[in-house]
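Written below as structure tokens is the structure these notes are about.
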Amino acid sequence: MSAHGVPPSATVTIRPATEADLEAITRIYNDAGVGTTASYDLEPVSVDERREWLERHTSSNHPVLVAVADGEVLGFAGYGSFRDKAGYGQTVEHSVYVADGARALGVGRMLMLALIDRARGDGIHVMVGVLDADNDASVAFHRKLGFVEVGRMPQVGRKFDRWLDALLMQLTFPADGNELRTQ
Ligand SMILES: CC(C)(COP(=O)(O)OP(=O)(O)OC[C@H]1O[C@@H](n2cnc3c(N)ncnc32)[C@H](O)[C@@H]1OP(=O)(O)O)[C@@H](O)C(=O)NCCC(=O)NCCS
């Protein structure tokens, strides 16, 4: 059993996030992202903030998925607009967070594969991850999923009294899949 209480044999289900998942999503995000440099948020977010975040995604038809085992949320992933100009419409920026203790069990991969499937179905051409350049686990994780490093922005973040470099990693879907939905 992992530190998070996930038995190795537990069946993990990926499904769209609901209001009932918000407390777990908030806790995971605050632990995994705000207490580290994985996210450049400086203060813990509230459940209400995450509610607005979920509503923004839902109302713009962007997915937020959760991984659940034995009724417990182990992680979440979602994507939203990369930039708001219409010409960026087939590019999205995603995020993925797995609870400490539920990592290295394949949960992040399951979330991302489901998100990638959804992106393909939505006619997305490029998925972008904006990572902290020193987040070795996330860099390795994204590489494993086929994301490639396309840019590094030195010192665009500041947290814990130091400058942070952002690393841009992207997954570009083959033109074939994209052309199915290109007008
Ligand atoms: C990055 C993160 C989402 C990965 O999720 P995970 O469930 O632990 O990853 P998985 O078990 O699905 O791993 C999939 C692959 O990623 C790679 N990987 C994952 N964690 C890794 C690590 N710590 N070091 C090296 N490679 C790693 C491995 O290649 C792994 O494949 P393998 O099991 O065949 O070796 C998770 O570590 C996390 O939530 N971290 C904190 C928050 C964060 O950094 N989020 C990303 C913000 S950009």
Side-chain angles (χ1 to χ4, degrees), residues 1-15 17 21-45 49-50 53-54 57 62-70 72-83 91-119 126-154 156-160 162-171:
M1 185 158 313
S2 78
H4 202 259
V6 190
S9 58
T11 303
V12 178
T13 304
I14 307 292
R15 60 160 173 77
D21 302 317
L22 284 172
E23 285 206 11
I25 287 174
T26 305
R27 188 173 56 249
I28 293 168
Y29 180 69
N30 284 332
D31 288 349
V34 185
T36 71
T37 53
S39 159
Y40 289 1
D41 259 331
L42 300 180
E43 301 293 337
V45 300
E49 190 277 343
R50 285 288 99 172
W53 165 86
L54 180 59
H57 279 73
H62 287 130
V64 177
L65 305 176
V66 286
V68 182
D70 292 336
E72 188 178 4
V73 176
L74 305 178
F76 66 92
Y79 62 68
S81 302
F82 173 59
R83 303 195 73 191
T91 297
V92 291
E93 181 179 336
H94 71 278
S95 58
V96 52
Y97 290 89
V98 174
D100 191 14
R103 295 185 194 145
L105 296 172
V107 173
R109 187 203 313 271
M110 286 180 70
L111 281 164
M112 283 302 296
L113 291 180
L115 206 60
I116 287 167
D117 265 1
R118 166 69 187 260
V126 174
M127 292 178 74
V128 178
V130 183
L131 287 65
D132 180 67
D134 287 335
N135 188 346
D136 294 337
S138 185
V139 174
F141 172 76
H142 280 88
R143 276 195 195 128
K144 189 76 177 237
L145 286 163
F147 283 75
V148 294
E149 293 153 41
V150 291
R152 184 177 179 125
M153 303 175 77
V156 290
R158 189 166 176 85
K159 192 168 179 179
F160 304 139
R162 59 191 172 90
W163 296 112
L164 302 171
D165 295 359
L167 189 68
L168 303 173
M169 296 187 75
Q170 81 173 58
L171 181 66

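Counting convention: from 1, in listed order, for ligands and their atoms alike. Heads up: numbering here begins at 1 and tracks the sequence.
- Counting only heavy atoms from C-beta outward, the side chains of Ile28 and Leu74 never approach each other to under 4.5 Å.
- The atoms of ligand 1 that sit less than 4.0 Å from any heavy atom of Tyr97 are 39 (O), 42 (C), 45 (N).
- For the pair Asp136 and ligand 1, the shortest N or O to N or O distance does not fall below 3.5 Å.
- At under 3.5 Å, a nitrogen or oxygen of Gly108, whether backbone or side chain, sits near a nitrogen or oxygen of ligand 1.
- Closest non-hydrogen pair, Tyr97 versus Ala32, comes out as CD2-CB, 3.9 Å.
- Only backbone heavy atoms of Leu105 (N, CA, C or O) come within less than 4.0 Å of ligand 1; its side chain stays farther off.
- When all heavy atoms are compared, the tightest approach of Leu111 to Ala77 is CB-CB, 4.0 Å.
- Among protein heavy atoms, atom 31 (O) of ligand 1 sits closest to Arg109 NH2, 3.1 Å.
- The closest protein non-hydrogen atom to atom 46 (C) of ligand 1 is Val96 O, 3.3 Å.
- Lys159 places a side-chain N or O within donor-acceptor distance of the main-chain N or O of Ser39, the cut-off being under 3.5 Å.
- Just one residue in the list His57, His142, His62 forms a ring pair (Phe, Tyr, Trp, His ring centres under 6.0 Å) with His94, and that residue is His142.
- Counting heavy atoms only, Ala38 comes closest to atom 43 (C) of ligand 1 of the residues Gly75, Ala38, Ala99, Ala166.
- Between Ala69 and Val12, the shortest heavy-atom distance links the atoms CB-CG2, 4.3 Å.
- In this structure, Gly129 falls outside the shell of residues with a heavy atom less than 4.0 angstrom from ligand 1.
- At under 3.5 Å, not a single nitrogen or oxygen of Ala140, backbone or side chain, sits near a nitrogen or oxygen of ligand 1.
- Here Glu49 contributes atom CD and Leu54 contributes atom CG; the two are 11.0 Å apart, rounded to the nearest 0.5 Å.
- Not one N or O of Ala102 is nearer than 3.5 Å to an N or O of ligand 1, by distance alone.
- Shown in contact with Leu131 at under 4.0 Å from a heavy atom are these atoms of ligand 1, numbered in order with element: 48 (S).
- Distances from atom 28 (C) of ligand 1 to the protein include no heavy-atom value under 4.0 Å.
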For residues 103-110, run the donor-acceptor check on the side chains, cut-off 3.5 Å, and write out each pair with its distance to 0.1 Å, sequence neighbours left out.
residue, atom, partner, partner atom, Å
Arg103, NE, Val98, O, 2.8
Arg103, NH2, Val98, O, 3.0

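- With sequence neighbours excluded, the residues that form a side-chain contact (heavy atoms from CB on, under 4.5 Å) with Arg118 are Asn61, Pro63, Tyr79, Asp122.
- Residue contacts with ligand 1 for Arg103 involve both N, CA, C or O and side-chain atoms from C-beta outward (heavy atoms, distance under 4.0 Å).
- Close approach of ligand 1 to Gly106 (heavy-atom distance below 4.0 Å) involves ligand atoms 10 (P), 11 (O), 12 (O).
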inquiry  = Assess the residue pair Glu93 and Arg83 against the criterion (salt bridge (Lys or Arg N to Asp or Glu O under 4.0 Å)); give the C-alpha distance rounded to whole Å, side-chain angles, the decisive distance to 0.1 Å, and a yes or no.
reply    = CA-CA 9 Å; Glu93 181 179 336; Arg83 303 195 73 191; over 6 Å; no
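- Ranking the protein heavy atoms by distance from atom 23 (N) of ligand 1 puts Ala137 CB, 3.2 Å first.
- For the pair Glu23 and Arg50, the salt-bridge criterion is not met [side-chain N within less than 4.0 Å of a carboxylate O].
- Distances from atom 4 (C) of ligand 1 to the heavy atoms of Tyr29, Phe76, Phe141 show the closest one on Phe141.
- What sits closest to atom 39 (O) of ligand 1 on the protein, heavy atoms only, is Val98 N, 2.8 Å.
- In terms of polar-atom proximity, defined here as any N/O pair under 3.5 Å, Asn135 does make such a contact with ligand 1.
- With hydrogens and angles ignored, the 3.5 Å screen pairs a side-chain donor or acceptor of Asn30 with a backbone N or O of Val45.
- The shortest N or O to N or O distance between Ser138 and ligand 1 is not below 3.5 Å.
- Taking both residues in full, the closest heavy atoms of Asp165 and Asp132 are given as O-OD1, 3.5 Å, listed atom of the first, atom of the second, then distance.
- Atom 35 (O) of ligand 1 has Lys144 NZ, 3.7 Å as its closest protein atom, hydrogens excluded (heavy atom only).
- Within the structure, the closest approach of Ala104 to ligand 1 falls below 4.0 Å when heavy atoms are considered.
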